[in-house]
Amino acid sequence: KFEKYASECNLVFVLLTPDDQYTEDGSCRARQNVIFEMGYFLGKLGRKNGRVILLYKGKLDLPSDISGLVYINIDNGIEAAGEEIRREINELK
């Protein structure tokens, strides 16, 4: 199912939240399946075209090799970030 629906996408929002604690000091990261699927879409849609938008919440470690992508903070909710999200989508047109 994943590949079927993914083939129909031309814009992806990746929701990154600090779900997994992975060190004793409390460092957190997004779920590994989310990171894997993000990589899938980066490969499919490309890194530089802005069609993979990262929505992040909380303090979490992000892979360093994804710097340069669009990151939008949603700590205050999706509605609060709405204008920034709309601006990024409009830039794709």
Side-chain angles (χ1 to χ4, degrees):
K1 285 185 179 181
F2 178 82
E3 288 85 357
K4 176 187 181 301
Y5 292 114
S7 70
E8 300 170 7
C9 296
N10 65 7
L11 172 66
V12 174
F13 292 96
V14 179
L15 181 60
L16 300 167
T17 57
D19 295 318
D20 291 342
Q21 182 178 336
Y22 69 99
T23 63
E24 290 181 18
D25 71 355
S27 294
C28 294
R29 64 182 176 203
R31 294 280 164 116
Q32 293 299 287
N33 64 308
V34 173
I35 299 298
F36 178 80
E37 291 165 0
M38 176 183 62
Y40 178 91
F41 284 109
L42 286 171
K44 180 182 182 301
L45 300 174
R47 290 176 58 96
K48 296 182 181 180
N49 63 12
R51 297 199 172 273
V52 178
I53 297 174
L54 308 179
L55 306 176
Y56 72 95
K57 182 176 183 175
K59 185 177 186 296
L60 70 158
D61 289 343
L62 297 171
S64 61
D65 58 346
I66 60 173
S67 60
L69 299 176
V70 175
Y71 290 89
I72 298 174
N73 184 299
I74 59 167
D75 281 345
N76 296 319
I78 295 289
E79 278 189 57
E83 188 55 40
E84 189 174 355
I85 293 169
R86 278 188 288 282
R87 191 171 35 252
E88 291 298 332
I89 293 171
N90 285 335
E91 286 183 20
L92 296 173
K93 296 178 182 179

Quick check for you: to the nearest 0.5 Å, what is the distance between [X] atom [atom1] and [Y] atom [atom2]?
X     : Y     : atom1 : atom2 : answer
Lys44 : Leu42 : NZ    : CG    : 12.0 Å
Arg51 : Ile89 : CZ    : CD1   : 10.0 Å
Ile74 : Ile85 : CD1   : CD1   : 7.5 Å

* Asked: Is Ile53 close to Ile72 at the side-chain level, that is, under 4.5 Å between some pair of heavy atoms?
  ->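 Ile72 reaches Ile53 side chain to side chain.
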
Provide the closest heavy-atom pair for [X] versus [Y] in the form atom of the first, atom of the second, distance.
X     : Y     : answer
Asp75 : Gly58 : OD1-N, 2.5 Å
Leu92 : Gly50 : CD2-O, 3.6 Å
Gly26 : Gln21 : CA-NE2, 3.5 Å
Leu60 : Ala30 : CD1-N, 3.8 Å
Cys9  : Leu45 : O-CD2, 3.8 Å

* **All pairs passing ring pair (Phe, Tyr, Trp, His ring centres under 6.0 Å) where residues 37-77 contributes a residue, at least two apart** =>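 Found Phe2-Tyr40, Phe2-Phe41.
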
List the atom pairs, with distances to 0.1 Å, where a side-chain N or O of residues 10-20 and a protein N or O form a donor-acceptor pair under 3.5 Å, not counting sequence neighbours.
from, atom 1, to, atom 2, distance (Å)
Thr17, OG1, Asp19, OD1, 3.2
Thr17, OG1, Asp19, OD2, 2.6
Asp20, OD1, Arg31, NE, 2.8

* Would a hydrophobic clustering, with Ile, Leu, Val, Met, Phe, Trp and Tyr connected at side-chain separations under 4.5 Å, put Met38 with Val70? ->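 No: no chain of side-chain contacts under 4.5 Å links Met38 to Val70.
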
* **Residues, nucleotides or ligands: over 12 heavy atoms within 6.0 Å of Lys57 NZ** =>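 Check fails, neighbour count at 12 or below.
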
* Take atom CD in Glu83; do more than 12 heavy atoms of anything else shown fall under 6.0 Å from it? ->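 For Glu83, atom CD is crowded (more than 12 foreign heavy atoms under 6.0 Å).
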
